[in-house]
Amino acid sequence: MSKETLKILVAGSVQGNFKQLCTRVNNVNSKSGPFHLLLIPGQVIGDDVETWLGLRDGSFKLDVPTYILGATKQVHSPYFSHIVDGEVTENVTYLGRRGVYTTTNGLSIAYISGVYGDGMSNEPHCYTETDLNILQAQSSVLNGIDILITSQWPSDVLRYVKKPEFSVPEGIPQLSHLANTIKPRYHFVSGPYYERLPYRNHKILHEKATYCTRFISLGCAGNKAKSKWLYAFNYVPMKHVTDEELRKQPLETTENPYIEVEKEKNKEEDKKQQHFYSVGDKRKMTTAPGGTDGREKKKESCWFCLKSPNVEKHLVISVGGSMYLALAKGALRNDHVMIVPTNHIKCQQFLESSQQDDVEKFKRALRTLNRTSKKSTTVFFERSLSTSHMQIQAVPVPRYSVNDIKDVFYTFADKYNLEVQEIPADEDWKEMVPPGCDYFIAEFENQDKLVFLCSQKVRFPLQFGREVLASEELLNMPRRVSWKECKISKEQEEHDVKQFRKSFIEFDPFKVDDSDSDSD
């Protein structure tokens, strides 16, 4: 992989002005290039769609590999829906709805197309909280994002700097959270031309020093005000830069402008969790054996209670005692399964000893299966936060990674400032978890465990287990962090269940042996 300095161009909105775009870009490339790529974060299609069709037909040509975002208006959405493999025309690529694109030079580009819509929006030109969460998950498996491109401005980005004279576009708080979470070195948007002073991504004296972020907004191609709409710079991808170099802060660097936005988001999250902690306190007084309470919550709507009409029974592999084994929805791999209580039980903390015994029987069987048939070690993990029905995930990891697994968990714990306790196999981990406290637990082949306590002071990443296992060091599946990105058809799920059941049958501790059945 090349470690050369990259020459990069970024343009603002095009809005159909492809003649001006191509003329200017090709001239700059001829005089100062060659440039490695051109990024366009803004609206590409204009009111006259004929110019877009002209670009696709080859009437306009760009000499620089160009990457664009999707529609920002509903009327333009159909022109992106039929693009195959992102290829618009020669040298022009549509990146897609959202994701992280990594070049052969190691440059990582996070992107999200369109404008923000509410959580229920199905409009193709809108992105939602789900899209943002997926992008955050995809970004988190990398060791940093070089460039983030969005069509809209984040809110509060002008905090700590002098306000510009132009009318500032309405910012999107969700993009502020995105930028603050994935911490790109550059964030490019479309709008009036504006270069913000760089801001730091750490709290001085409270957090380890890290690199700063530069926010740059670029105008529309060929705009009448002649404001800057094309930006050129030299750049070395951060994976090729030493930590010492990355930590260097320009003299004019400001504090992070998104602190207040994050405080507001944290307040909202705290309110959402307040109910759970209140219920947790009551549960200690009213919970009956097995974790059910006297009020009998509505379990008809639960996706995991085996008697619920909502449970997807085609995913069930085996049922035994108080537990069942099922294929994971949106599995990391096709042998990623879950151990789940047949009845409504929140987490392992509420299991009776007989129920815990059933869990251990499934665990032993899965370890044996993966060790003997798949040459793999098994990692189990459970998260009690933001779930109402216990699910213990079981994921095979190649045995050559067995010595790295625990270290990778520690690495990600440091990344998120998480509190972790290592529990030897012969100790009861449940005694280490305070009553009413949410937790995440990972268990390894030798039955040693890592327990992470979820604190209200530090936000626990909900995809933590998948993020660790999907990392480059283990399964190397960075695009499969979010289960929603891994959903497959019901027919494929049924096929995977059938195949797993066939390999698991000889190890199943609850299988029915026909030879033991009564005969007349």
Side-chain angles (χ1 to χ4, degrees), residues 10 41 108-110 112 116 132-133 135-136 139-140 142-218 228 231 233 235-238 241-271 414-418 455-461:
V10 185
S108 57
I109 304 165
I112 190 159
Y116 182 72
L132 292 164
N133 291 337
L135 179 54
Q136 289 174 36
S139 302
S140 66
L142 302 174
N143 292 322
I145 293 295
D146 290 298
I147 298 173
L148 168 65
I149 55 174
T150 63
S151 296
Q152 294 176 296
W153 279 46
S155 64
D156 241 16
V157 70
L158 299 181
R159 184 180 291 272
Y160 303 126
V161 294
K162 183 180 178 180
K163 300 297 185 291
E165 296 180 357
F166 58 78
S167 178
V168 177
E170 181 180 358
I172 307 298
Q174 290 78 5
L175 287 181
S176 302
H177 178 64
L178 174 69
N180 191 55
T181 302
I182 70 175
K183 298 176 174 53
R185 290 184 71 192
Y186 279 85
H187 182 180
F188 289 99
V189 303
S190 63
Y193 168 63
Y194 177 74
E195 284 193 59
R196 189 198 187 281
L197 294 175
Y199 64 84
R200 62 180 58 92
N201 285 300
H202 66 276
K203 296 178 182 178
I204 297 178
L205 301 180
H206 291 279
E207 295 176 337
K208 182 180 177 181
T210 185
Y211 55 88
C212 61
T213 295
R214 299 176 185 272
F215 172 84
I216 300 173
S217 175
L218 295 167
K228 188 170 184 176
Y231 186 91
F233 66 113
Y235 185 81
V236 178
M238 62 192 303
V241 182
T242 64
D243 288 342
E244 182 179 1
E245 286 293 320
L246 284 173
R247 286 196 296 267
K248 290 182 179 179
Q249 308 282 304
L251 291 177
E252 67 272 23
T253 303
T254 75
E255 292 297 317
N256 189 315
Y258 305 129
I259 292 175
E260 295 303 317
V261 175
E262 287 298 288
K263 285 181 179 178
E264 289 300 315
K265 185 172 181 63
N266 290 339
K267 286 180 182 178
E268 292 178 9
E269 292 296 325
D270 288 344
K271 287 179 181 178
D414 290 340
K415 174 181 177 180
Y416 291 112
N417 297 315
L418 302 177
S455 167
Q456 287 182 293
K457 296 180 181 179
V458 178
R459 189 186 308 279
F460 192 93

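Across every non-hydrogen atom of E255 and Y199, the tightest pair is O-CB, 3.5 Å. Between E245 and K248, the shortest heavy-atom distance links the atoms OE2-NZ, 3.0 Å. Considering every non-hydrogen atom in both S176 and S155, the closest pair reads OG-O, 2.6 Å. A pairwise comparison of heavy atoms in A179 and Y258 identifies CB-CE1, 3.9 Å as the closest pair. The nearest pair of heavy atoms linking C212 to P250 is SG-CD, 3.8 Å. For the residue pair F166 and Y193, the shortest heavy atom distance occurs at CE2-O, 3.6 Å.
The backbone N or O of T210 lies less than 3.5 Å from a partner atom in the side chain of Q249, making a donor-acceptor pair. With hydrogens and angles disregarded, a donor-acceptor distance shorter than 3.5 Å links the side chain of Q152 to the backbone of Y116.
Partner of R159 under the side chain to side chain contact (heavy atoms under 4.5 Å, CB included) criterion, chosen from D156, V157, V161: D156. Among I147, T213, L246, the one residue that satisfies the side chain to side chain contact (heavy atoms under 4.5 Å, CB included) test with R185 is L246. The residue from F215, F233, Y194 that alone fulfils the ring pair (Phe, Tyr, Trp, His ring centres under 6.0 Å) condition with F188 is F233. Put simply, the residue from V10, I149, L148, T150 that forms a side chain to side chain contact (heavy atoms under 4.5 Å, CB included) with V189 is T150.
Of the inter-residue distances, the one linking H187 atom NE2 with R196 atom CZ reads 12.5 Å to the nearest 0.5 angstrom. Taking CD1 from I259 and CG from N180, the interatomic distance works out to 8.0 Å, rounded to the nearest 0.5 Å. Taken to the nearest 0.5 Å, the NZ atom of K183 stands 5.5 Å off from the CG atom of N201. Atom CD1 of I172 and atom CG of L178 lie 12.0 Å apart (nearest 0.5 Å). How far CG of D243 is from OH of Y211: 10.5 Å, rounded to the nearest 0.5 Å.
In this structure the side chain of L418 reaches within 4.5 angstrom of the side chain of F460, judged on heavy atoms. Residues P169 and P192 are in side-chain contact: their nearest non-hydrogen atoms beyond the backbone lie under 4.5 Å apart.
Counted within 6.0 Å of CD on E252, heavy atoms from surrounding residues, nucleotides or ligands total more than 12; the atom is thus considered enclosed. Within a 6.0 Å radius of NZ in K208, no more than 12 heavy atoms belonging to other residues, nucleotides or ligands are found.
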